[in-house]
Trainee: 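Submitted below is the structure of interest, expressed as structure tokens.
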Amino acid sequence: MSLVPAPRKPAEAPLSGRRVGRIQDHAYLGNMRTGALVDRDGSVAWMGLPRFDSRAHFARILGTEEHGLWRIGPVGPDGAAPAADRRCYLDETLILESVWITDAGTVKVLDFMPPTGEAAQLVRIIQGVSGRVAMRSVLRARTGYGRTTPQLIVDGRRTGADLDEGRLWLDADIPVSTREGDLVSQFTVSEGEQVTFTMSWQPDCGTPPPLPAPTELLRQTTDFWTKWAAHCTYTGARRDDVIRSLVTLKSLIYEPTGAMVAAPSVSLPEEIGGVRNWSYVYCWLRDSAFAAEVLAKFGYRQEVEDWISWLTAVLGDDYDNLQIMYGVGGERDLPEEELDWLPGHAGSRPVRIGNGAAGQLQLDVFGEVVDALAKAQQHYPGLAPKVTPLIAGLVGCVEKLWREPDEGAWEIRGPRRHFVHSKVMAWTAVDRAVRLVEAGHMDGPLEHWRALRDTIHRDVCEKGYDKERNTFTQSYGSAELDAALLHALLSGFLPADDKRVIGTIEAVQQELSIKGGYLLRYRTSGNGPGVDGLTGHEATFLIGLGWLIVALVRIGRTGEAEILTDALLRARNDVGLLSEEWDPHSEQQLGNFPQAFSHIAVLQAFAAARTGAEPEAAEVTAR
């Protein structure tokens, strides 16, 4: 084994003639431990190892090529790296197929991460389709979010790079050379030929991983996703669209614990050039509760049970110290930092890791988690012994906290407020506990909880409702509206035909809809800090459109809901993925990618279309 000295300066020649792709130009690979974003030119532009929330060693999407990438693709006539002509996922899997059609011939690359339960691997299989195509692989790992060049290792035909944690190994069918801190291969592929590369992470720097078998790993990965997708109980129209969102959600689950990350990326901007850039590689209780709810609806009990087990382990008996988010291993300390050496995606700074919102009070979380637990019990009655202790503990917290102002579902960085959505979700937590006691599924102080539920209800109706405009408002005493009100009213707080429900749906749609029917979550103020304490604007928030679709179904406006469902699906990229937000003016995705929230919105829309006017609250049947 030999060590290659790290270069004093990075390679000067750019690998590609194109700029870093837009957010929607990326596809996603994952193995339920970490994930990678792959640009259209064949570049792995983001990847942290060994976990979703580990430091990234490929960070081009937040900077330049010099911040780390792994590109495989044809060499253009001017030496540049062309974008693939077409891409897709193979059937119901997370195996990405990219095809380049060049003057010299056609070549195909299959990219995937085997969900084997072992240390992370990324396999890239190059297949010649026609002609003879010149290809290039450049693996440029840059440790610590693109900050430093790692020590390279050559061990016979195997090469590698030492990371902040562990070592990367690169195995290939062809020779790999070292060049200024990069691992490089130049080769050609002809019709019928195949060349494979496998990058493996190993925690022990002294022991190489076993030699990979890429073809066998491809078979295993195909079988895993095909069998998992077959468990889906949905049989309606556009099943492929449902499966794509379900596969995306599954891939965001950290399998060792059952936690789900909100997205596998950090600091992708909600406004190009703006400051609304946050890290989403953590498990929000809210996001994971929504995910558990839709996974249960589509037949995935094991994932729901795994989430409940993770939640039980994280909370223990200490409900009073509940956080709204955790690391995927249950970590509580998620300090927010700014990485000043990264220029940000499309110049959007600061680039942040960690998340200061972990310490916020967000009252709605209690209702969302309790609602998901109650619905899990509804789908799978045998879960009652696991969920009812959690529900009782969370309702005890609601009783202590519901009168307090909070930072709300949107995690404002300004002063706390009495958000109507937060109050309604506090009501939801108590309501679900009451229903479970009434049905005989749990014990609790029934009359006391009924009285508490009624008290919260009166408070919201008196202080959060604008009689003149016939709409609930964003917060007590405010005239502003908020898309989260739609979610609040889906809780069964009022009957669907109540004039206040219909009035709020119409008001939110009228005041927060923009081009194409897409929905802002609230109005931002631009130059000065708004309700969220931030300057600047943002695009439309896709889960808000999902809530609107379900709300319209509930009040019988199914035709309108179908039109907006089509709009939601049109916001997806070429491989069926959604980021957090959509800008209908520039027609681009914004925010972290792929976003669990947005794929949950797709699944909620299809579930609503399938069931029509669903029950307004989690039904429980007396035993």
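This is a predicted model, so every value here is computed, not measured.
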Trainee: Is Arg86 paired with Glu97 through a side-chain N to carboxylate O contact shorter than 4.0 Å?
Mentor: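 Looking at Glu97 and Arg86, the cut-off is not met.
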Trainee: Looking at Asp240 and Arg244, is any side-chain nitrogen of the basic one under 4.0 Å from a carboxylate oxygen of the acidic one?
Mentor: no
Trainee: Quick test of your reading of the model: are Glu270 and Arg521 salt-bridged, counting only N-O distances below 4.0 Å?
Mentor: yes
Trainee: Counting distance only, does the side-chain N/O of Trp70 pair as donor-acceptor with the main-chain N or O of Ala45 below 3.5 Å?
Mentor: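 Such a contact is absent between Trp70 side chain and Ala45 backbone.
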Trainee: Could you tell me if Arg158 sits above the aromatic ring of Trp169, with its cationic atom closer than 6.0 Å to the ring centre and no more than 45 degrees from the axis?
Mentor: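 Yes, a cation-pi geometry.
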Trainee: May I ask you to check whether Phe187 and Phe197 place their ring centers less than 6.0 Å from one another?
Mentor: yes
Trainee: For the side-chain contact (heavy atoms from CB on, under 4.5 Å) test, which of Arg33, Gln202, Glu165 pairs with Pro50?
Mentor: Glu165
Trainee: Closer than 3.5 angstrom, by distance alone: can the side chain of Thr540 be matched with the main-chain N or O of Trp582 as a donor-acceptor pair?
Mentor: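 Yes.
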Trainee: Measuring centre to centre across the rings, with the benzene-like ring taken for any Trp, is Trp310 within less than 6.0 Å of Tyr254?
Mentor: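 Centroid separation for Trp310 and Tyr254: 6.0 Å or greater.
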Trainee: Looking at the rings of Trp228 and Tyr300, which for Trp means the six-membered one, are their centres under 6.0 Å apart?
Mentor: yes
Trainee: Before accepting this row, confirm whether a basic side-chain N of the pair Asp340/Arg147 lies closer than 4.0 Å to the acidic partner's carboxylate O.
Mentor: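 Judged by the 4.0 Å cut-off on N to carboxylate O distance, Asp340 and Arg147 do not form a salt bridge.
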Trainee: Taking Arg51 first and then Glu331, would you say they form a salt bridge - that is, a charged N and a carboxylate O separated by under 4.0 Å?
Mentor: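 Salt bridge present between Arg51 and Glu331.
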Trainee: Could you tell me which non-hydrogen atom of Pro175 sits nearest to which non-hydrogen atom of Arg157, and how far apart they are?
Mentor: N-NH2, 3.9 Å
Trainee: Are any of the side-chain nitrogens in Arg167 or Asp204 under 4.0 Å away from the carboxylate oxygens of its partner?
Mentor: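 Result for this pair is no, no salt bridge flagged.
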Trainee: If the threshold is 4.0 Å, N to carboxylate O, is there a salt bridge linking Arg239 and Glu92?
Mentor: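 Judged by the 4.0 Å cut-off on N to carboxylate O distance, Arg239 and Glu92 do form a salt bridge.
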Trainee: Are Phe597 and Phe290 an aromatic pair, judged by ring center distance below 6.0 Å?
Mentor: yes
Trainee: Less than 4.0 Å between a side-chain N and a carboxylate O, is that true for Arg22 and Asp25?
Mentor: yes
Trainee: Taking NZ, NE, NH1 and NH2 as the nitrogens, is one of them in Asp574 or Arg40 under 4.0 Å from a carboxylate oxygen of the other?
Mentor: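 Result for this pair is yes, salt bridge flagged.
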Trainee: Do Leu249 and Leu603 have side chains that approach each other closer than 4.5 Å (heavy atoms only, starting at C-beta)?
Mentor: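 Contact flag for Leu249/Leu603 side chains = yes.
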Trainee: Of all the heavy-atom pairs spanning Gly181 and Thr149, show the shortest one and how long it is.
Mentor: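 That closest heavy-atom pairing would be CA-CG2, 3.9 Å.
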Trainee: Taking only Lys NZ, Arg NE, NH1 and NH2, and the carboxylate oxygens of Asp or Glu, determine whether Arg276 and Glu271 approach each other closer than 4.0 Å.
Mentor: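 No salt bridge links Arg276 with Glu271.
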Trainee: Determine the sole option in Leu110, Asp111, Val109 for which the side-chain contact (heavy atoms from CB on, under 4.5 Å) test with Leu96 is passed.
Mentor: Asp111
Trainee: With a 4.0 Å cut-off, would you call Glu191 and Lys108 a salt bridge?
Mentor: no
Trainee: Any cation-pi pair here, Arg60 with Trp46, using under 6.0 Å and within 45°?
Mentor: no
Trainee: First locate atom CD of Gln595, then atom CG of Leu578, and finally report the distance between them rounded to the nearest 0.5 Å.
Mentor: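 Going from the CD atom of Gln595 to the CG atom of Leu578 covers 9.5 Å.
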Trainee: Tell me if a side-chain donor or acceptor on Ser130 pairs with a main-chain N or O of Thr106 at a distance below 3.5 Å.
Mentor: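 Answer holds: yes.
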